Structures are given as C-alpha cells and as structure tokens.
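As structure tokens, the structure follows; a few thoughts come after it.
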Number of protein chains: 2
Amino acid sequence: MKIKELEQLLSARHIKPTAMRLLVLEYLQQQNAAVSLKEAEEAYEKADRITLYRTLKTFEEKGLIHHIDDGSGATKYALCEEGCQCAPEDLHVHFHCNSCQKTFCMPKVAIPAFQLPSRFNLQEINLMAKGICADCF
Amino acid sequence: MKIKELEQLLSARHIKPTAMRLLVLEYLQQQNAAVSLKEAEEAYEKADRITLYRTLKTFEEKGLIHHIDDGSGATKYALCEEGCQCAPEDLHVHFHCNSCQKTFCMPKVAIPAFQLPSRFNLQEINLMAKGICADCF
DNA sequence: TTCTAGATTGCAATACCGTTGCATGCCCTA
DNA sequence: TAGGGCATGCAACGGTATTGCAATCTAGAA
Ligand SMILES: [Mn+2]
Ligand SMILES: [Mn+2]
Ligand SMILES: [Zn+2]
Ligand SMILES: [Zn+2]
C-alpha cells in the first residue's frame, strides 16, 4: 500500500503520521494473525521496544487497532475492520491455535447472546475460542 | 466443614491431604468469588507464596479447581462444581465486575453455541463477561 | 521400630511482560 | 527563528508466573 494511503488511514483516526507509525501500520496490514509486542519488535529490530509499545497504545486509543487477551500471557494486537467503532456490534470472536500459537480475529463470527442473572449489568464481552486453526488442521 | 469431609474431597481427586492443602481447600470453599494467588497469600500470611502456587497448580491438575483468565493480569482460581469433569459441558460464563474487581463463576450460564468457519477445530472456550455485579449495582 | 524413597515445602533466583520517568530530538507555527 | 508540544529512546521499575535446589515430612518396606 502506498505511503499516501497509509497516511490517510492514520489521519482519518487523528493520528499524526510519523515514519515509525507508517512502518507499524504497514506491518500490521501484512499480518493475517494478531501480533504481540515482541513479534513486532523482532520484525523491526531497529525500532525501540518502548516506542513500539506506545505506538500500539496510541493506535488502540484512536480506534485503529484493538487488543486481544488470548491467555498466552502476551497481549496481541490486530487492525480493526474498516468502519469499526469498537462498539458492541463490532465485537467478534477470537481464535487461538493451540498448535501454532497464532491468534486470529473472526470478524464474521459475532458473539452469541446469553442470559445473565438480572442485576448483573453487562458492559463488555470477551470470547476466546481455542483449538486447532485451519492451517494446522 | 469438618476435616474429615475436606480430606475426602481431596482423596476423591487423588490429592494427598496435607495440612496446607486442607487449609487452602477450606479457604476456597469460604469464597464467593474467584481468588488470585495474591489474595490467598494475604489470607494466610504464614503460608509460603510458592507452596500456595504449587498447591493451586496441583488442585487444578487434579480437577478440583479451575483457573479463570479475567484480563486483570492475575489469574484467578475457583472450586469446580461438584461432579465437574472440566469437560465441554462443564464450561460456563465468568463475570468480572469493573467496580469491585471481583470475578465470579456463573455455573448456571452455559456458553452459547456459535459457528466457526469449518476447518477450525474447537477445543476450549473462555467467555468473560464484564460489567457491574449484583452487589455493586 | 527403623530406614528409605518419594512427595511436599520453603527460600532464592529468574524470566517475562507491561508500564513509567526523564532527557533528547523533531516538527509546526506564531 | 524561537518556542511549545508531541514523539522517540534509554533506563529503571513493578507485578506475576515459574524454576532450582535443599530441607523437611510422610508413607510404606524391611
Ligand atoms: Mn479482533
Ligand atoms: Mn468457573
Ligand atoms: Zn495453527
Ligand atoms: Zn462488583
């Protein structure tokens, strides 16, 4: 993707397009699985770990990416779908492969409804499915 | 609960009933919310943190308790229901209160079904609901 | 009863991951 | 062109999980 397009993606979310941010955004777009901070770090060895951390934090605050808590111990990050507002209706299932350890967004799989006892006020839902992914099957 | 009964609970799961384990089991039974290692540690100051850690590990391996990854950063533990085999049908929703920070098992709330793309082989599910609990509402 | 092998416990040390403080550098604008 | 604010890089820190090893305990064999 051209620099111009990347810059527009950032600007649309009110993120100043710096060199570092363009690199990270490009990197995220190339992934088909969610990435951890460490993975991003290893992909761009010249980049500083902390800057990378803060870049991801910024991206998340601005709604460009979302984080996934897959139980592996390391938080993963993935680009939001186009038009995502990180609203309840944008929530989706995540899948963690017990074989290759990759974590995938399943944007097509909405989180099914369930009934909590009354007086429990629901605000967020995180549904992690685990098993063997399509590539490892 | 009497020592005898606690010992039987442990023996039924093939866990040798030591003094430490009886204490921890009794402590777990008194809780209405899942507990973290730190909380257990503070409740029994004379107990060693590592021993506590290994006790919980043992309990989990033997199917007496299960752990809950509520996204708070600290793993929580809770007793399994009587007769639980930690099988798919024993899975249930967990609720984390954003106000009091407690995490509850909802053994009555089964995890609803959802459809993954074929070729994704499902093995485990972790459904964390978050919001305001009945006590804080 | 005495001895011994194996399990359990306690203490120390380590591995990660996430997070913050602070100094420096860069860019935009008045 | 000088100043202010944001971005970056380095260092340090805090919390949790985990392992190594030696001391201790326990159950069973002899
Ligand atoms: Mn996702
Ligand atoms: Mn539970
Ligand atoms: Zn896989
Ligand atoms: Zn609460």
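Predicted, not measured: the structure shown is a model, and the values here were computed from it.
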Inset, instruction - Check the distance between dT19(C)'s C1' and H67(A)'s NE2 and give it to me in whole angstrom. - result: 15 Å
Inset, instruction - Using whole Å, report how far CZ of R21(A) lies from P of dC26(C). - result: 16 Å
Legend entry - Below 4.0 Å: OP1/OP2 of dA7(C) and any side-chain N or O of T18(B): no
Legend entry - Distance test, side-chain N/O of S36(A) to OP1/OP2 of dC17(C), below 4.0 Å: no
Inset, instruction - Using whole Å, report how far CG of D69(B) lies from C1' of dT16(D). - result: 12 Å
Legend entry - Whole angstrom value for the distance that separates P of dT8(C) from CG of L23(B): 16 Å
Inset, instruction - Would you mind reading off the distance between K46(B) atom NZ and dG10(C) atom P, rounded to a whole angstrom? - result: 11 Å
Inset, instruction - Between K16(B) and D48(B), just flag the one whose closest nucleotide in DNA chain C comes earlier from the 5' side. - result: K16(B)
Inset, instruction - Compare the minimum distances between each of dG18(C), dT16(D), dT19(D) and the side chain of R54(B), then state the nucleotide with the smallest one. - result: dT19(D)
Legend entry - N121(A) side chain to I132(B) backbone, donor-acceptor under 3.5 Å: no
Legend entry - Pair H96(B)-H94(B), side-chain donor/acceptor within less than 3.5 Å: no
Legend entry - DNA chain C: 5'-proximal contact among R49(B) and K76(A) (nearest heavy atom): R49(B)
Inset, instruction - Measure from the side-chain N and O atoms of R21(A) to the backbone N and O of K16(A), and report whether any donor-acceptor pair falls under 3.5 Å. - result: yes
Legend entry - Selection from dT8(D), dT9(C), dT16(D) that lies nearest to any side-chain heavy atom of T51(B): dT9(C)
Legend entry - Spacing between Y44(B) atom OH and dT9(C) atom C1', to the nearest angstrom: 17 Å
Legend entry - Euclidean distance, atom CG of residue L37(A) to atom C1' of dC16(C) [Å, nearest integer]: 12 Å
Inset, instruction - Round to a whole Å and report the spacing from CG of L52(B) to C1' of dT9(C). - result: 12 Å
Inset, instruction - Measure from the side chain of K57(A), starting at C-beta and using heavy atoms only, and say which of dT20(C), dT9(C), dT19(C) lies closest. - result: dT19(C)
Legend entry - Note: K38(B)-E42(B) ion pair, threshold 4.0 Å (strictly below): yes
Legend entry - Close aromatic pair by centroid cut-off 6.0 Å: F95(B) and F120(A): yes
Inset, instruction - Would you indicate which nucleotide in dG10(C), dC17(C), dA17(D) comes nearest to any side-chain atom of Y53(B)? - result: dA17(D)
Inset, instruction - Measure from the side chain of I50(B), starting at C-beta and using heavy atoms only, and say which of dC11(C), dT8(D), dA11(D) lies closest. - result: dC11(C)
